[in-house]
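Residues take their numbers from the sequence shown, with the count starting at 1. Please read these numbers as outputs of a predicted model, since none were measured by experiment.
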Amino acid sequence: MVTSTAKNKLDPQVLKTALVLAIGALAVVFDTTIVSVALHPLAQDLHTTVATIQWVTTGYLLALGVAVPLSTWALGRFGGKRVWMFALAVFLLGSLGSSLAWNFGSLIGWRVVQGVGGGLMLPVMATLVFQAAKGKALGRTAAWVALPALLGPILGPLVGGAILTNLSWRFLFWVNIPFCTAGLIFAGIYLAKDVVPAVRPRLDVWGLALLAPSIAAIVLALSNAGSSAGFTQADVIVPLVIGVVLLIAFVVYTLRRSDPLVDIRLLSLRSVGSSSSVLFLSGFALYGAMLLLPLYYMEVRGTTALTAGLILVPQGIGTLLSRQIAGPLTDKIGARSIAAVGFLIVAAATVPFCFVTGSTSDWLLALALLVRGIGLGAVTMPVMTAAYVGLRHEQVAHSSVLTRIAQQLGGSFGTAVLAVILEYVLTTDGGTDLVGAFHVSFWWATGFAVVAMVLCVWLPGRKQVEAAAAVAEAADAAAAEAAAAEAAAKAQAQAQAQVPIDESSPTPVRG
């Protein structure tokens, strides 16, 4: 029988691994949130247009999408510690290069280098921590894995605004250096030594050649759709069609292989399939609304980008607060109920922005953002946890990649769709009712949250969590028994080897 302690207690070794990895991951999260508020100053200082400097973000996202699928092969080939430290070193190199960039072209190039490092780091972090958890206390584990992503939206705008106000934009990238350096030092000391497998996996070159360009093409198309506010442009249709065709080809090719780059067969499992679907749709409800909120404050209320970022801090605080409850509660009752309630809270807290006017109290909106943040945290923890329920050790890395791709594509789709809706309403109304256009867009974001809430019925519930915990405990017991038997066999062999043999003694004759 699985005890409450066995199911819910977080192993100190798992906590140590999560904290060591979180130090390095903070560099990626801070970099993303800081750079997002600095595009206009970068365009001015580098004497280019905002459309061109947007590639500082787009190039990073494309490299991120290309690098993510490589993590499964790299982990099997080199081991988690080596891959993590390599990815962190690449991100450090990209940060140094970005800080020394001499024009917008070199800055974009170094951002691509950063994207390669970041694309490896994010799935590798999740894989290492959840593998260390061995199927137990997944909710608490997810709370630590998501910690960097929760701190970024709170501190990123503050740090970025302070730098842009008082220092050169180059210090935006110098912020990463302490995190990367400390992350490398602590990883070298505290991460478990890699165990190199006897048979190292070969890189699925054809799988990579199909999947990586497909993700990059789809992300590029959605980025273009969001910036041009339309899906009918050639720079949207062409890469989107190419990306979808390559993705279909990858699926057909992968289903015929026994050792694929990314095992998409895991999507047939309830845990992985449901969490990937919810993560994709949550991109519309969560990330799409994250586009609308700062735009509303800047375009309707006339705030600066920095002020808009500061106004959104209550949402980040709410997310951080709910982490303390959502993680442990997921271990007890499963992801389904908590995620559904989380989406309901997100939808309810978005509704006030569907009626907001220029005279609406800032304090009321701040309260709505705080509540919305609580809902976001209640969604993020359980859905991330669900992706690893009942998985074997070797399946964790593939699940990390699948859920990461679903999250990235869902966020890109959600941002593009809501940007198109906002622009369409403005165009239809002749561009005169800006507030009304935001109302319609926020209603769409609310509707997406409701649809995602319904989809949460597919997520694992209490029974699945208890069954997975029982399997994990049985596996631990079997492993301990096997290790004890192996140790006993070795001790017996050593004892026999040490018995002296007197060859001068006559051999007894049996008569």
Side-chain angles (χ1 to χ4, degrees), residues 13-14 16-28 63-96 112-134 141 145 148 176 179-212 215 250 254 257-264 266 387-388 391-405 408:
Q13 181 62 37
V14 178
K16 183 175 73 173
T17 301
L19 289 174
V20 169
L21 297 176
I23 294 172
L26 282 172
V28 180
L64 199 77
V66 170
V68 165
L70 276 172
S71 63
T72 52
W73 166 79
L75 284 168
R77 178 67 174 79
F78 302 105
K81 182 174 183 177
R82 291 188 184 93
V83 176
W84 174 258
M85 295 185 69
F86 171 78
L88 197 53
V90 170
F91 194 86
L92 174 60
L93 177 63
S95 300
L96 287 171
V112 169
V113 175
Q114 279 187 303
V116 172
L120 286 173
M121 287 170 64
L122 297 176
V124 167
M125 176 185 181
T127 298
L128 293 181
V129 177
F130 281 106
Q131 283 182 341
K134 298 179 182 178
T141 303
V145 172
N176 303 330
F179 291 109
C180 291
T181 304
L184 284 170
I185 294 173
F186 284 111
I189 297 174
Y190 293 110
L191 285 186
K193 185 178 180 180
D194 292 321
V195 177
V196 180
V199 179
R200 300 187 181 186
R202 296 178 60 183
L203 177 62
D204 182 3
V205 177
W206 283 107
L208 181 63
L210 291 172
L211 182 58
I215 296 174
F250 171 77
T254 297
R257 288 185 61 89
S258 59
D259 55 343
L261 178 71
V262 179
D263 190 1
I264 60 175
L266 289 180
Y388 301 94
L391 295 187
R392 299 191 305 272
H393 184 275
E394 67 275 10
Q395 293 175 323
V396 173
H398 292 274
S399 181
S400 297
V401 172
L402 289 171
T403 51
R404 180 64 200 172
I405 291 175
Q408 183 180 6

When every non-hydrogen atom of Pro69 is compared with those of Val401, the smallest separation belongs to CA-CG1, 4.1 Å

- request: Answer yes or no: is there a side-chain heavy-atom contact under 4.5 Å between Asp204 and Trp73?
  value: no

Here the gap from Ile215 atom CD1 to Ile405 atom CD1, rounded to the nearest 0.5 Å, amounts to 3.5 Å

Taking C-beta and beyond as the side chain, do Leu402 and Val262 meet within less than 4.5 Å on heavy atoms?
yes

Q. Is Thr72 reaching over with its side chain to a backbone N or O of Leu261, donor-acceptor style, under 3.5 angstrom?
A. yes

Quiz item: Hey, does Gln131 have a side-chain heavy atom less than 4.5 Å from the side chain of Val14?
Solution: no

Rounding to 0.5 Å, atoms NE2 (His398) and OG1 (Thr403) come to a distance of 12.5 Å

Side chain to side chain contact (heavy atoms under 4.5 Å, CB included) filter on Leu93, not counting sequence neighbours, yields Trp110

Point to revise | Within-4.5 Å side-chain heavy-atom neighbours: Leu211 and Val66 | key: no

Taking every heavy atom of Phe179 against every heavy atom of Ala27, the minimum-distance pair comes out as CB-CB, 3.8 Å

The complete set of salt bridge (charged side-chain N to carboxylate O under 4.0 Å, His left out) pairs with one or both residues in residues 391-401, sequence neighbours excluded, reads Arg392-Glu394

Show every donor-acceptor pair shorter than 3.5 Å between a side-chain atom in residues 112-130 and any protein atom, with sequence neighbours excluded, or say none if there are none.
{"from": "Gln114", "atom 1": "OE1", "to": "Arg111", "atom 2": "NH1", "distance (Å)": "3.0"}
{"from": "Gln114", "atom 1": "NE2", "to": "Asp31", "atom 2": "OD1", "distance (Å)": "3.2"}
{"from": "Gln114", "atom 1": "NE2", "to": "Ser95", "atom 2": "OG", "distance (Å)": "2.9"}
{"from": "Thr127", "atom 1": "OG1", "to": "Pro123", "atom 2": "O", "distance (Å)": "2.9"}
{"from": "Thr127", "atom 1": "OG1", "to": "Ser400", "atom 2": "OG", "distance (Å)": "2.9"}

Is the shortest side-chain N to carboxylate O distance from Asp259 to Arg257 below 4.0 Å? yes

Residue set satisfying side chain to side chain contact (heavy atoms under 4.5 Å, CB included) with Ile23, at least two apart, ordered chain then number -> Ala182, Phe186

Sequence neighbours excluded, the answer for side chain to side chain contact (heavy atoms under 4.5 Å, CB included) partners of Leu191 is Thr17, Val20, Leu21, Lys81, Trp84, Ala187

What verdict does the side chain to side chain contact (heavy atoms under 4.5 Å, CB included) test give for Gln395 and Asp263, after you've listed the backbone C-alpha separation in whole Å, the side-chain angles of each residue and the deciding distance to 0.1 Å? CA-CA 8 Å; Gln395 293 175 323; Asp263 190 1; 5.7 Å; no

Closest non-hydrogen contact found for Leu184 with Leu92 is CD1-CD2, 4.1 Å

Residue pairs passing the side chain to side chain donor-acceptor pair (under 3.5 Å) test with at least one member in residues 18-28, sequence neighbours excluded, are none

dist Trp206:CH2 -> Phe250:CZ (nearest 0.5 Å) comes out at 14.0 Å

Closest heavy-atom pair, Cys180 versus Phe91, reported as atoms and distance to 0.1 Å, is SG-CD2, 3.8 Å

Distance col, row Leu266:CG vs Leu391:CG, nearest 0.5 angstrom, shows 6.5 Å

